[in-house]
Amino acid sequence: MKLRSSFPLLILFVFACSLPTAAQPTATFAPKPTEQATATPTQAPAAETPRIPDHTSYLLDTVIDYDLHRVSVTERIQYPNHTGQELPALTLAIAANLWVDCFHLNEVTVDGIPVTGYALNQHRLDLPLPTPLAPDSVSTVTLRYSLSLPYMDQVHSQRARIFGYSDIQMNLVNWYPFIVPFKDGEWVIREPWSHGEYLVYPIADFDVNLKFTTPENQPIVAASGSAEQKGDSTSYTLTNGRAFAISASREFQVSQTQVDNVTVYSYYLPIYKNAGEAAMSASAQALQVFSQRFGKYPHNTLSIVIADFKDSMEFSGLYFHSRSFYDLYDGTVQNYLTMVAVHETGHQWWFEQVANDQAEEAWLDEALTTYSELLYYESVYPDLIPWWWSYRIDFFDPQGKIDIPIYEGQNADTYKAIVYFNGAHFLKDLRERIGDEAFFAFLQDYYSQEKNGIATSDDFFRILNEHTNVNYSDIVHAYFSKR
């Protein structure tokens with residue numbers, strides 16, 4: 001979620017088993033001389049059919065030249081076909097190819113067979129399969145490629161530049177090809193836009209083996225998973241995630257805290273120690289609140305990374321937090337550093353586990369995540385509820401139908417006011433109409449039913465209707481144009 005903040009006085013353009021029994025002696029009988037021992041034929045056990053994985057897995061062997069801003073990758077994708085139909089080809093998203101002279105594809109094989117007849121157009125790779133992939137079978141795609149990272153030029157860009165390098169950090173986001181969802185007979189891949197997010201991520205498992213060309217001078221690394229040192233490389237593992245991100249800097253300092261079995265890390269620049277630890281504290285509190293309200297946080301790490309750009313942005317088990325918020329931190333919880341830290345933490349539920357089509361139905365994650373901020377303040381700082389509504393939401397006079405796609409949001413500010421802020425008003429009105437008991441039971445059930453999936457508006461209202469018989473059609477009419 002791209003979240004740029006505006007302030008009333010200052011506008012920033014910037015998420016039982018049984019016991020064993022003792023063996024008993026047995027008598028052994030030899031056949032009589034006049035008898036023949038006959039062997040009973042035994043049938044060899046049938047070979048077990050290999051289990052088909054539930055979802056795709058990615059293995060990325062990655063080497064980074066930090067100073068030259070170059071990355072080389074051998075990526076293996078194990079893709080199980082759960083579409084219910086035979087697939088003659090696969091479609092992958094390669095966001096890095098949107099940058100000039102960045103993505104260089106050297107080789108593609110499918111089940112060991114080289115493939116050359118692919119089509120790479122902008123961020124879409126259509127990959128024909130040597131043999132069509134039957135339903136409930138698995139194929140392995142291997143890609144070898146390199147990245148020449150772009151400079152994150154914030155001055156001459158229409159939107160925040162997150163992917164690439166700056167003077168203080170390197171960010172790998174949407175840096176590897178991934179197989180997009182297949183729904184209703186087609187691959188779901190959207191076009192990028194000036195604001196909002198456009199990629200739709202299926203759930204997947206990730207193993208990232210990372211090494212640097214200069215290990216004696218390698219940077220501090222923040223990543224979307226648990227780390228394990230293996231010789232001169234570090235292996236990161238993320239299970240049931242959406243988007244694996246990496247940030248590296250020689251300037252990072254790191255603080256950490258524990259929430260049950262989750263380690264929360266904060267990566268910041270030395271001058272921002274107080275703000276970095278405040279963001280960490282807010283995220284740790286939000287983890288507790290949201291785990292109670294929605295469902296258990298699924299990973300064992302969460303990393304907060306100061307961002308050398310004007311936005312905050314969520315990925316799996318990691319989010320970037322705009323440096324602007326660190327600059328304006330005033331030592332209290334009535335500020336954007338805290339609010340947006342909570343917001344981005346909320347995205348670990350609404351985006352990371354319950355995904356959606358971010359281009360066509362952005363309200364599903366952004367409205368829920370914005371309203372999650374309120375639930376945090378209700379639980380931790382209830383006296384600040386009026387301030388949150390006034391300062392965070394109503395100052396911007398939000399209005400408009402919240403089910404617009406990103407392509408109809410006019411610009412980043414109007415899009416945010418409609419989808420995020422008026423979306424929070426929709427959830428407020430809905431909660432007041434059906435009552436807290438039904439509302440929170442619904443949220444937990446929505447998370448439970450849609451976890452690991454890609455939810456739609458139809459899913460949202462179907463599950464909602466399982467928890468209330470109250471008529472809320474007028475509220476829907478007020479906030480939605482397509483229902």
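One is the number of the first residue; the rest follow in order along the sequence.
Classification of the Y165-H69 ring pair by plane angle, with boundaries at 30° and 60°, yields parallel. Ring-plane geometry between Y420 and H343 is classed as parallel, the angle between the planes falling under 30 degrees on a 0 to 90 degree scale with a further cut at 60. Between Y176 and Y58, the ring-plane angle classifies as tilted under the 30° and 60° cut-offs. Between F351 and H347, the ring-plane angle classifies as perpendicular under the 30° and 60° cut-offs. By the 30° and 60° cut-offs, the orientation of the rings of F325 relative to Y336 is parallel.
Under a 4.0 Å N-O distance rule, the pair D403/K482 does not qualify as a salt bridge. Between R161 and D308, none of the side-chain N atoms (NZ, or NE/NH1/NH2) sits under 4.0 Å from a carboxylate O, so this pair counts as no salt bridge. Ion pair E408/K401 not flagged as a salt bridge, since none of the NZ, NE, NH1 or NH2 atoms sits closer than 4.0 Å to an Asp/Glu carboxylate oxygen. D357 has no carboxylate O lying under 4.0 Å from a charged side-chain N of K183, or vice versa, which leaves the two without a salt bridge.
For Y272, the ring pair (Phe, Tyr, Trp, His ring centres under 6.0 Å) partners at least two apart in sequence or on another chain are Y326. Contacts of Y472 classified as ring pair (Phe, Tyr, Trp, His ring centres under 6.0 Å), with partners at least two apart in sequence or in another chain: none. Shown here are the ring pair (Phe, Tyr, Trp, His ring centres under 6.0 Å) partners of Y268, two or more places apart in sequence or in another chain: there are none. In this structure F178 satisfies the ring pair (Phe, Tyr, Trp, His ring centres under 6.0 Å) test together with Y201, sequence neighbours excluded.
The CD atom of E366 lies 5.0 Å from the OH atom of Y415; values are rounded to the nearest 0.5 Å. Taken to the nearest 0.5 Å, the CD atom of Q122 stands 10.0 Å off from the CD1 atom of I189.
Considering only heavy atoms from C-beta on, L149 stays 4.5 Å or farther from R70 through its side chain. With contacts defined as side-chain heavy-atom distances shorter than 4.5 Å, the pair W350/F294 qualifies.
Note: Y267 and F252 meet the aromatic proximity criterion, with ring centroids under 6.0 Å apart.
Applying the salt bridge (charged side-chain N to carboxylate O under 4.0 Å, His left out) definition to pairs two or more places apart or across chains, those involving residues 265-275 are K273-E277.
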* Asked: salt bridge (charged side-chain N to carboxylate O under 4.0 Å, His left out) between D207 and R76: does it pass, once the steps are laid out?
  -> CA-CA 10 Å; D207 287 292; R76 189 188 72 187; over 6 Å; no
* Could you give me the CA-CA distance, side-chain angles and deciding distance for F309 and H321, then say whether ring pair (Phe, Tyr, Trp, His ring centres under 6.0 Å) is met? => CA-CA 9 Å; F309 48 83; H321 209 13; over 10 Å; no
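The one candidate from K296, Q348, K451 that meets the side chain to side chain contact (heavy atoms under 4.5 Å, CB included) condition with Q353 is K451. Evaluated for a side chain to side chain contact (heavy atoms under 4.5 Å, CB included) with L384, the options V333, L374, T332 yield exactly one hit, V333.
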Under 3.5 Å donor-acceptor pairs involving side-chain atoms of residues 426-441, not counting sequence neighbours:
| unit_1 | atom_1 | unit_2 | atom_2 | d |
| --- | --- | --- | --- | --- |
| K428 | NZ | E432 | OE2 | 3.0 |
| D429 | OD2 | Y479 | OH | 2.6 |
| R431 | NE | D436 | OD1 | 2.8 |
| R431 | NH1 | Y371 | OH | 3.0 |
| R431 | NH1 | E378 | OE1 | 3.4 |
| R431 | NH1 | E378 | OE2 | 2.9 |
| R431 | NH2 | E378 | OE1 | 3.3 |
| R431 | NH2 | D436 | OD2 | 3.3 |
| R433 | NH1 | N471 | O | 2.9 |
| R433 | NH1 | D474 | OD1 | 2.9 |
| R433 | NH2 | D474 | OD2 | 2.9 |

